[in-house]
Amino acid sequence: MTIRTRFAPSPTGYMHLGNLRSALYTYLFARHHGGAFILRIEDTDQARFVEGAVDVIYRTLRGIGMEWDEGPDVGGAFGPYVQSERKDMYLPYARQLVEAGKAYYCFCAKEDLEARRAEAEARGEVWKYDKHCKCLSHEEVAAKLAAGEPYVIRQDVPLSGEASFDDVIYGHIAVDCADLDDMILIKADGMPTYNFANVVDDHTMGITHVMRGNEYLASTPKYNLLYDAFEWERPVYIHMTQIMRDAQHKLSKRDGDAYYEDFIDKGYLSEAIVNYVALLGWNPGDEREFFTLAELCEAFGVEGMSKSPAIFDAQKLTWMNAEYIRRLAPETFTVHALPYYRSAGIGHMDTAVLAAILQQRTEIFSQIPGMVAFLAKAEEYPLSYFTNKKSKTNPDIALDVLKRVLPELEALQDWSIAGIHDLLIGLAQVWGMKNGTLLWPVRIALSGREVTPGGAVEIAYLLGRDEALARLRAGIAKLEVGE
RNA sequence: GGCCCCUUGGUCAAGCGGUUAAGACAUCGCCCUUUCACGGCGGUAACAGGAGUUCGAUUCUCCUAGGGGUCACCA
């Protein structure tokens, strides 16, 4: 048997990380077993439909490399793959169930139901549909139907007995039929409910393994009653955990950083996000942490899936992203960094040198402008920056050093990294001082910052001769004035 | 509230009757060093609680507690 899995998102906006991970696991499971991965769009709720959301789904999945074998835009033998285009196929299936005595027409008005529910709750009872309309005779039903009375079709759940199934991750799940409600299959508007459409779609599309969030765990026995009523073979169920923001709340839309796009915008690498998310709730069984999508396909298995929810740790994602950045070829780093260079006003500077000083220090690309702002524009700084114990320097020493360094640099022919480096290090040696004693004041005067990416040499080079010398002179003037 | 599920350091997480209870992130300290970062070395830190079963429980069972999910003509 060929394994067939599906990812069935609702087009309601951007790609939530929880959804992304569900899609990923579903994809990985199919690929690992040489099966098919199907994309189905669940858009039965037109009220929640968001324009362009389907494209977001396509773009995100493809951008990551998760290609689907069947779906709305690529076709397949089990189409259509958009639920709204399948709306006519559900009612016949529901009628088939009515014929078989596994479902029934219900004419109860919404208001009546709500009243009865309120009564039950007032008595402290749990409301369950009372099968009021199940007792209607064939004639009564036919009459109401003929009269055009609005109706829904409900699943007829046995009053007693046990409904159970075995989940791959959670094991045996059993619930008492007495606790199950007669859920609505077809709504008054003729459209199927999500639950019913899901069962029909999954079966008619030949889905063998249903992978979905564990919020469906408790209702799955009900789904299976439907499969049984149709005499369809039940799929294998794999319920997945949620991603949490903390122990109490799941990662949700209002956290502002629950979306894949949010992280891309902040300068995270797609590969790092996917890698991190894959590890949230799954482990390969060995010590590996870094995986390409292909490696994930190879390593993935349900044995490694966790049954308890995982809390999203932005710090670890950031660490992983930094690792991915460090492993980039310098040229690739530059491709990602360039937009940020431009916005920081240093787009004209030597990208090889920028990469050399920034790549090891960049955790997320959006940090770059803040790190390099001083290169584009000199910043105010206090004299206290010239004091550093380890480098054995203070404003007096700094003034002396800078005054002696300035003419040497002015005379330097070769304004390159090597040229500046050899000159400065050479001077420190000749003058018999620690490298730091000479380099610290120079770097402070050049950058105006205590902490900078790169050292005095790189900064002097990037600034260019004129600007570097100007900043040195300004530093000397500042030290002479003493403020 | 009924029903279902979950519970190893701050976080991810290994473990599947006998371990000094891995590893990673974070954190702390030291080293390297031209600041920071990178890198190297090391430290702190966990089996929710209680009964069983067993020669022996983190591991199996039950109970309690805490947390989550679900009880719609929403998906």
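Order of the sequence lines fixes the chain letters, A, B, ..., with proteins taken first and strands second; residue numbering starts at 1 for each chain. None of these values were measured; they are calculated from a predicted model.
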Can you name the atoms? Protein N/O to nucleotides 36-39 of chain B N/O, anything below 3.5 Å, with the distance.
from	atom 1	to	atom 2	distance (Å)
B/C36	O2	A/R361	NH1	2.6
B/C36	O2	A/T452	O	3.4
B/C36	N3	A/R361	NH1	2.1
B/A37	O2'	A/Q360	O	2.9
B/C38	O2'	A/Q360	NE2	2.6

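- For A/Y14 and A/Y260, the distance between ring centers is not under 6.0 angstrom.
- When each of B/U34, B/C6, B/A26 is scored by its nearest atom to the side-chain atoms of A/V457, the top-ranked nucleotide is B/U34.
- A donor-acceptor contact under 3.5 angstrom links the side-chain atoms of A/K316 to the base of B/A24.
- Following rounding to the nearest Å, A/E121 (CD) and B/G2 (C1') show an atom-to-atom distance of 12 Å.
- Between A/F291 and A/N275, the shortest heavy-atom contact is N-OD1, 2.8 Å.
- In summary, of the residues considered (A/F300, A/F7, A/W282), a ring-ring contact (aromatic ring centres under 6.0 Å, His included) with A/Y25 occurs for A/F300 alone.
- The side chain of A/N283 lies closest to B/A13, out of B/C5, B/A13, B/U34.
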If you restrict it to nitrogen or oxygen atoms, what contacts under 3.5 Å exist between nucleotides 71-73 of chain B and the protein, and what is each distance?
from	atom 1	to	atom 2	distance (Å)
B/A72	OP2	A/R117	NH1	2.6
B/C73	O2	A/A188	N	2.8
B/C73	N4	A/C108	O	3.3

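- Across all strands, A/D176 comes closer than 4.0 Å to no nucleic acid atom at all (heavy-atom distances).
- Among the atoms of the strands shown, only primed sugar atoms or phosphate atoms (P, OP1, OP2) are found under 4.0 Å from some heavy atom of A/A174.
- Only the P atoms considered, B/C5 is 39 Å distant from B/U44, to the nearest whole Å.
- The gap from the P atom of B/C60 to that of B/G66 amounts to 23 Å, rounded to the nearest Å.
- For the pair A/L217 and A/S306, nearest-nucleotide mapping onto RNA chain B gives the more 5' position to A/L217.
- Annotation: cation-pi geometry satisfied between A/R327 and A/F290 (NZ/CZ under 6.0 angstrom from ring centroid, within 45° of ring axis).
- The nearest whole Å value for the distance from the CD1 atom in A/I357 to the C1' atom in B/U33 is 16 Å.
- The line from CZ of A/F165 to NZ of A/K222 is 13.0 Å long, rounded to the nearest 0.5 Å.
- Ion pairing between a basic and an acidic side chain is recognised when a charged N comes within 4.0 Å of a carboxylate O; A/D228 and A/K102 show no such pairing.
- Comparing B/C12, B/U34, B/G69 against the side chain of A/N435 picks out B/U34 as the nearest.
- Taking atom CG on A/L423 and atom P on B/U34, their separation rounds to 17 Å, with Å as the unit.
- A donor and an acceptor atom, one from each side chain of A/Y276 and A/N321, are nowhere located under 3.5 Å apart.
- In this structure, A/N214 places its CG atom 19 Å from P of B/C3, rounding to the nearest Å.
- Residue A/F374 contributes atom CZ, which lies 15 Å from atom P of B/U35 at whole-angstrom precision.
- Residues A/F263 and A/F312 bring their aromatic ring centres within 6.0 Å.
- Nucleotide B/A75 holds its P atom 13 Å from the CZ atom of A/R40, rounded to whole Å.
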Report task. Begin from the C-alpha positions of A/L97 and A/Y93 and carry the test side-chain contact (heavy atoms from CB on, under 4.5 Å) through to its verdict. Result -> CA-CA 6 Å; A/L97 246 29; A/Y93 279 112; over 6 Å; no
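- Side-chain contact annotation: A/Y90 with A/D201, donor-acceptor N/O pair under 3.5 Å present.
- For the pair A/R116 and A/W127, the cation-pi criterion (under 6.0 Å, within 45° of the ring axis) is not fulfilled.
- Of the N and O atoms on the side chains of A/S252 and A/H16, not one donor lies less than 3.5 Å from an acceptor on the other residue.
- Nucleic acid contact class of A/Y216 (heavy atoms, under 4.0 Å, all strands): base.
- For B/U34, its base never sits under 3.5 Å from the side chain of A/R443 at any donor and acceptor pair.
- Using bins of under 30°, 30° to 60° and over 60° for the plane-to-plane angle, the ring pair A/F107/A/Y105 lands in the parallel bin.
- Distance check on atom C1': B/G69 versus B/C28 gives 39 Å, rounded to whole Å.
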What are the atom names and distances for every N/O pair under 3.5 Å that joins the protein to nucleotides 60-68 of chain B?
from	atom 1	to	atom 2	distance (Å)
B/G67	O2'	A/A247	O	3.1
B/G68	OP1	A/Q248	O	3.4

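- Within the 4.0 angstrom heavy-atom criterion, no nucleotide atom of any strand lies near A/T241.
- Rounded to whole Å, the P atom of B/U58 lies 11 Å from the corresponding atom of B/A21.
- Only the P atoms considered, B/A51 is 15 Å distant from B/G56, to the nearest whole Å.
- Heavy-atom nearest nucleotides on RNA chain B were determined for A/G285 and for A/N195, and the one closer to the 5' end corresponds to A/G285.
- In this structure, A/T393 and A/F386 approach most closely via the heavy-atom pair OG1-O, 3.3 Å.
- Comparing B/C55 with B/C63, their P atoms sit 24 Å apart, to the nearest whole Å.
- Distance, A/Q429 CD to B/U34 C1': 14 Å, rounded to whole Å.
- For A/M305 and B/A13, the CE to P distance is 11 Å, given to the nearest whole Å.
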